[in-house]
Colleague: 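Take a look at the following structure, please.
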Amino acid sequence: MAKTIVNNIRRLRFDRKEMTQQELADTIGVTRQTVNAIELGKYSPSLEVAFRIADVFGLPLDQVFQYEVVKRG
Amino acid sequence: MSFREKSAWITFVLVLAVFALWLTNVIRVEFFGLRHGNPMLFAIGLLTIFIVAEIVLHVAIALQSPAEARAPKDERERLIDLKASRVGFYVLAAGAWLSVGSMHIRFNTLFVAQNVMGALFIAELVKLATQIVLYRRDA
């Protein structure tokens with residue numbers, strides 16, 4: 001079974017007073033399009049950006065990103 | 001659409017327009033022998049129009065989203081650039097080999113030079129098209 005990187009960024013943003021993608025992007029120093037691509041699982045960020053995202057939410061990395069088997073279809 | 005994607009579209013359309021004009025001129029000269037005007041002035045004129053249009057259109061899109069225009073490329077955008085440049089390089093390499101091979105069709109320095117120019121144009125167009133596709137697919 002293939003594993004892939006999944007994340008909870010969308011839910012974490014909404015838990016943080018509905019933080020927008022643009023606000024998160026500005027905080028971690030990437031574009032809004034990159035945050036969107038990460039949320040949708042179309043782009044896996046570098047370790048540095050992953051840590052910056054986790055730092056924004058004050059959580060350890062494994063509570064933001066998980067490496068899991070994803071059912072397709 | 002992001003600033004970078006708009007920028008890629010602008011450059012793609014302008015390079016395509018310059019390529020079309022250049023190719024029309026090459027076909028007229030090489031295959032129909034229709035020479036008129038100074039080819040150097042034609043090339044300088046095309047290049048000048050291209051540079052001015054690039055500047056004007058990029059200023060226009062930068063005014064629409066100044067923060068995005070000022071921001072440096074992030075890691076995903078740099079990765080897209082690298083992937084697109086790799087695809088463009090393969091096209092350029094193939095074009096260079098074909099240009100060398102074209103000496104067997106017609107041993108003429110200008111003909112070979114024009115084939116190299118054509119390869120440069122096509123490689124740049126393929127690179128820009130790849131960038132646009134990657135921006136669309138990943139966004």
Colleague: Measuring only between side-chain heavy atoms, which start at C-beta, is Phe121(B) closer than 4.5 Å to Leu23(B)?
Modeller: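 No - every pair of side-chain heavy atoms lies 4.5 Å or more apart.
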
Colleague: Side-chain donor-acceptor pair under 3.5 Å between Ser2(B) and Gln33(A), yes or no?
Modeller: no

Colleague: Using side-chain heavy atoms (C-beta onward) and a distance below 4.5 Å, is Lys42(A) in contact with Arg76(B)?
Modeller: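 Lys42(A) vs Arg76(B): side chains apart.
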
Colleague: Quick check for you: to the nearest 0.5 Å, what is the distance between Ser44(A) atom OG and Tyr67(A) atom OH?
Modeller: 9.5 Å

Colleague: State which residues pass ring pair (Phe, Tyr, Trp, His ring centres under 6.0 Å) with Tyr43(A); sequence neighbours excluded, sorted by chain then number.
Modeller: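 Tyr43(A): no ring pair (Phe, Tyr, Trp, His ring centres under 6.0 Å) contacts found.
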
Colleague: Which residues in residues 9-30 of chain A have any heavy atom closer than 4.5 Å to a heavy atom of chain B?
Modeller: Gly29(A), Val30(A)

Colleague: I want to check something: taking the side chain as every heavy atom from C-beta on, are Lys83(B) and Thr130(B) in contact at a cut-off of under 4.5 Å?
Modeller: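 Answer no - side chains too far apart.
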
